[in-house]
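Notes follow once the structure below has been shown.
Atoms within each ligand, like the ligands themselves, are counted from 1 in listed order.
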Amino acid sequence: MNTDIIWSNILNQIKDELSSLSYNTWFAETELYQLKDGIAYIIVPMPIHKKHLIDNYRDIIVNKINDVVGENYDIHLLLKEEIEEELHTSTESVRDTSNEKDDNTDNNVNSNLNPSYTFNNFVVGNSNKFAHAGALSVAENPGTMYNPLFLYGNSGLGKTHLMHAIGNYIVANSNKKVLYVTSEQFKSEFVKANKKDENGENFNYVDFFKNKYRNIDVLLIDDIQFLGEAKKSQEEFFHTFNNLYNDSKQIIISSDRSPNDLRKLEDRLLTRFTWGLTVNIYPPDYNLRVEILKKKIIAGNFEKDIPQEVIEYIASNMGPDVRQLEGAITRLIAYSTIMGGLEINLDVAIDALKDEINKGIVEKDDVHRIQKIVSEYFQISVEDIRSKKRSSNISFPRQIAMYLCRTMTSESFPKIGTEFGGKDHSTVMHSVEKIENEIKVNKDLANIIEKLKKDIGVV
Ligand code: ADP
Ligand code: MG
């Protein structure tokens, strides 16, 4: 079968499983360039397709190729103009590994790095500059500066991006062997390695597993919280950690919470996690959201211009999860294309994003309800909380109420501002951030907020 026929078979199957909007946007203009050395090289029309296809459709593509061709291929997405360059480098890397094969058995271990996550395209602002600096120091001095590096923060704030950036940097600047895995992958490989076959233990697999994890120079393990209750995998990870650590190999760990809050992991692991550098990555503030959007727009290389006011609209109305910011741009571009190539302006953006932004839309009453509950709790009047008064016994509850409005409803900053004495959007944003940061260090405040949230209930 030639590649065109293979691909049209695959596309036909994919078409059946997706909405026509998704299919036409993401698959209609793709081509299979070649199947080589376990990799399917797929040509995509725009840079944005690479990430979107990998993030959302990787499994389906891999499975369909397997269905049609009968073999497993990993996928590599590239633009037409990249064929020359990419295939040149990929033959080089195949050559590299074959040279090394003689002296070690595990050289064919894939580093699992995503080349599109780099330091170059990571936008730095106040909320992530410490994490970024820690990551870069480790990338420049693996195994010597901070070991382990422990990165934590909420979902969508760039932890995985930074980990790949470290890995890519090290691979580009040294001969070190880097391995990126999620803790889920670690767990499932460990379970597989320990499955007993009919004759007892399957030793080949066990050896393979141990070699793979202990003969590397840099281990990146993502989302460690998922190691959770898997006691045996934790045990194995503990030994892996010790081996690597004792050999001054770099370990980089990410998690959605701090080592102190990783209750399900054993203490001996948690203590080790704090031996090196622990960095928290915070939600991006408004300015950083604007910068990230701009960077993604440049990287996306869209035909259409996205005006500043649209960028600001997205930045002030979407939550702090960067994935959602990216999703908003993707949706906006897809919408304007599907609507026959509309120019993008604020009206188009409002229309394209109304479902995202209005999710759990707030009624005016919800803001009032929050104002009432917070005022009662602090024993001030609703008029005061809605006023411009600046005394701290009023302004602090007001900040809390603004924070609750922002986190529990989908009201935008400007709209919240008008409900609280006509504040402008940056003042509201500042208050929300202030409370967000304060909660992290002030347990009493965190408890008050929890109580208020319970009182407010479902919005
Ligand atoms: P996490 O692992 O913390 O859940 P990811 O690293 O997967 O988050 O980030 C989600 C998306 O947001 C990725 O596409 C990533 O490239 C992007 N992203 C997050 N932070 C930044 C940033 N500061 N600059 C550029 N892109 C970012
Ligand atoms: Mg992640």
Side-chain angles (χ1 to χ4, degrees), residues 26 44 46-58 77 112-136 138-139 149-169 179-187 219-228 252-258 261-262 278-302 306 311 314-315 318-333 356 433 436:
W26 301 115
V44 296
M46 286 192 284
I48 191 175
H49 286 71
K50 291 187 189 172
K51 190 177 144 39
H52 193 86
L53 286 168
I54 291 288
D55 285 356
N56 299 283
Y57 299 108
R58 181 188 205 124
L77 304 176
N112 288 338
L113 290 170
N114 179 344
S116 53
Y117 288 151
T118 62
F119 283 116
N120 271 341
N121 59 17
F122 187 83
V123 188
V124 185
N126 282 333
S127 55
N128 60 19
K129 69 175 176 219
F130 188 38
H132 172 264
L136 192 60
V138 164
L149 173 70
F150 190 97
L151 276 171
Y152 74 96
N154 287 345
S155 169
L157 301 185
K159 301 182 295 296
T160 298
H161 186 135
L162 275 180
M163 295 185 101
H164 285 280
I166 298 172
N168 285 318
Y169 186 100
L179 177 64
Y180 166 91
V181 279
T182 63
S183 68
E184 297 274 6
Q185 281 164 338
F186 183 88
K187 223 163 49 183
L219 175 64
L220 300 137
I221 182 149
D222 205 354
D223 287 323
I224 195 84
Q225 72 273 9
F226 294 129
L227 213 50
I252 298 138
I253 303 161
S254 88
S255 162
D256 67 349
R257 63 204 82 166
S258 76
D261 292 327
L262 275 168
T278 301
V279 286
N280 190 353
I281 180 161
Y282 295 100
D285 60 18
Y286 173 80
N287 290 334
L288 183 56
R289 291 204 291 273
V290 168
E291 290 312 310
I292 292 175
L293 284 164
K294 285 186 176 160
K295 188 107 184 177
K296 300 280 169 190
I297 290 166
I298 293 170
N301 200 11
F302 308 117
I306 303 187
I311 296 175
I314 298 174
M318 301 296 289
D321 183 336
V322 179
R323 229 172 260 130
Q324 287 171 9
L325 296 178
E326 294 175 340
I329 302 176
T330 310
R331 198 181 166 95
L332 183 56
I333 298 282
E356 312 300 304
E433 268 159 29
E436 255 163 20

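At a heavy-atom distance under 4.0 Å, no atom of Lys295 approaches ligand 1. Under 4.0 angstrom from ligand 1, the non-hydrogen atoms of Thr160 come from both its backbone and its side chain. Proximity of Asn154 to ligand 1, defined as any heavy-atom pair under 4.0 Å, is confined to the backbone N, CA, C and O atoms. Looking at Asn121 against ligand 1, only its backbone comes within 4.0 Å, counting heavy atoms.
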Problem set entry | Test log, rule side chain to side chain contact (heavy atoms under 4.5 Å, CB included), inputs Trp26 and Thr330 | CA-CA 11 Å; Trp26 301 115; Thr330 310; 3.2 Å; yes
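Compare Ala131, Gly153, Gly158, Gly125 by their heavy atoms: the one nearest to atom 8 (O) of ligand 1 is in Gly158.
At the shortest separation from atom 21 (C) of ligand 1 among protein heavy atoms lies Phe122 CE1, 3.8 Å. For atom 15 (C) of ligand 1, the closest non-hydrogen atom of the protein is His161 ND1, 3.4 Å. Of the protein's non-hydrogen atoms, Val123 O, 2.8 Å is the one closest to atom 23 (N) of ligand 1. In terms of protein heavy-atom proximity, atom 26 (N) of ligand 1 is nearest to Lys296 NZ, 2.9 Å.
Side-chain contact of Asn168 with Tyr117: a donor-acceptor pair under 3.5 Å is absent, judged by distance alone. Checking Asp223 against Thr182 by side-chain atom types alone, no donor-acceptor pair falls below 3.5 Å.
No N or O atom of Leu162 sits closer than 3.5 Å to an N or O atom of ligand 1. Here's the thing with Val322: none of its N/O atoms is less than 3.5 angstrom from an N/O atom of ligand 1.
Of the listed residues (Lys295, His161, Lys296), just one forms a side chain to side chain donor-acceptor pair (under 3.5 Å) with Asn121, and that residue is His161. The side chain to side chain donor-acceptor pair (under 3.5 Å) test with Tyr180 is passed by exactly one of Asn114, Asn112, Asp222: Asp222.
Between Phe122 and His132, the ring planes are parallel. Angles under 30° get that label, and only those over 60° would be called perpendicular.
A 4.5 Å side-chain heavy-atom check between Asn126 and Leu288 finds every atom pair outside the cut-off.
For the pair Lys51 and ligand 1, a heavy-atom separation below 4.0 Å is found.
For the residue pair Ala131 and Leu151, the shortest heavy atom distance occurs at CB-CD2, 3.9 Å.
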